[in-house]
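To start, the structure under review is shown below, and the notes come after it.
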Amino acid sequence: MMDLKVKGSDVKSKVFFSVLFTVFFLLAASIMPYVGFEVPGTALRIVPDILFSLSIAAGIVYERKPASVIALIFGFMSDVFITPPVHLSPLLFFLGAYYSSKAVGAFTRVNCLTATVASIPFFLLRTIVGGVYLISRGGMGFFEILKTVLLPELAMNVISMFFVYIVVNFLYKRFKRRFYI
């Protein structure tokens, strides 16, 4: 017979990451649009995707299945309220949260640097999706989009992952210690 009881520590962790995703979502919707920089000669603005970084960090720090479900939900919210739906945020957030623990498993030790390096394939996928969207809009050539938008966005996202992982790891360790998870 299978035990269907949910451990209290599991519920606390899910609530913790749900609250963390909510806070990051609010930051992404309100403050982050003013943090980035404008691409010269266009109406585009490059900002770090902290929700995607959080999805990857949550998959590394926490269990990948619950983290990927939470990331999927906030990916839908991101596409509805923050980014255009063609960015495929639900799919990318889900894949990032689910497979990030596998990607960081290639390293002998998990820390902010290895988590950042392991996040690069996911951000490359995000960059490719964004590049296809920009090319379909027209107005700029491929190499101009690559040089002025995609590479700076990739660099900004990878750098943001470094700091997001530090914050998530620090908060989760303190939360676990405080609530004995």
Do L51 and I82 pass the side chain to side chain contact (heavy atoms under 4.5 Å, CB included) test, and can you show the C-alpha distance, the side-chain angles, and the key distance before you say yes or no? CA-CA 10 Å; L51 272 175; I82 300 173; 4.2 Å; yes
Does the side chain to side chain contact (heavy atoms under 4.5 Å, CB included) test come out yes or no for Y165 and V110, once each step is laid out? CA-CA 11 Å; Y165 179 81; V110 179; 3.3 Å; yes
Given K14 and V69, is the side chain to side chain contact (heavy atoms under 4.5 Å, CB included) satisfied, shown in steps? CA-CA 10 Å; K14 288 177 185 173; V69 171; over 6 Å; no
Tell me, with the steps shown, if I56 and F123 meet side chain to side chain contact (heavy atoms under 4.5 Å, CB included). CA-CA 10 Å; I56 296 168; F123 287 121; 4.0 Å; yes
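Under a cut-off of 6.0 angstrom, the local environment of CZ in F162 is crowded, with over 12 non-hydrogen atoms contributed by other residues, nucleotides or ligands. A 6.0 Å sphere centred on CZ of R109 holds no more than 12 heavy atoms belonging to other residues, nucleotides or ligands.
In this structure, F93 and F52 have parallel ring planes: the angle between them is below the 30° cut-off, well short of the 60° mark. In this structure, F175 and F16 have parallel ring planes: the angle between them is below the 30° cut-off, well short of the 60° mark.
A continuous path of ILVMFWY side-chain contacts below 4.5 Å connects M156 to L151, so both sit in one hydrophobic cluster. F163 and L113 are members of different hydrophobic clusters when ILVMFWY side chains are connected at heavy-atom separations under 4.5 Å.
Taking CG of L54 as the start and CE of M161 as the end, the distance is 9.0 Å to the nearest 0.5 Å. Distance CZ/R126 to CG/L88: 8.5 Å, rounded to 0.5 Å. Atom OG1 in T22 sits 12.5 Å away from atom CZ in F17 (nearest 0.5 Å). L150 contributes atom CG, which lies 10.5 Å from atom CG of L124 (distance to the nearest 0.5 angstrom). The structure places OG of S101 at 10.5 Å from CD of E63, a figure rounded to the nearest 0.5 Å. A distance of 13.0 Å separates CZ in F21 from CG in L26, rounded to the nearest 0.5 Å.
Side chains of S100 and R64 form no contact here, defined as non-hydrogen atoms less than 4.5 Å apart. Counting heavy atoms from C-beta on, the side chains of P152 and F37 come closer than 4.5 Å. The shortest side-chain heavy-atom distance between P90 and D79 falls under the 4.5 Å cut-off. Considering only heavy atoms from C-beta on, V164 comes within 4.5 Å of F24 through its side chain. Inter-residue side-chain proximity for V47 and V35 is flagged as unmet; no heavy-atom pair is nearer than 4.5 Å.
Of the possible donor and acceptor atoms, one in the side chain of R45 sits under 3.5 Å from a partner among the backbone N and O of G36. Formation of a donor-acceptor pair under 3.5 Å by the S78 side chain with backbone atoms of F74 is not found in this model.
Residues meeting the salt bridge (charged side-chain N to carboxylate O under 4.0 Å, His left out) test with R137, sequence neighbours left out: none.
Of the listed residues (I135, T148, L146), just one forms a side-chain contact (heavy atoms from CB on, under 4.5 Å) with M140, and that residue is T148.
A donor atom on one side chain and an acceptor atom on the other are not found under 3.5 Å apart for D10 and S13.
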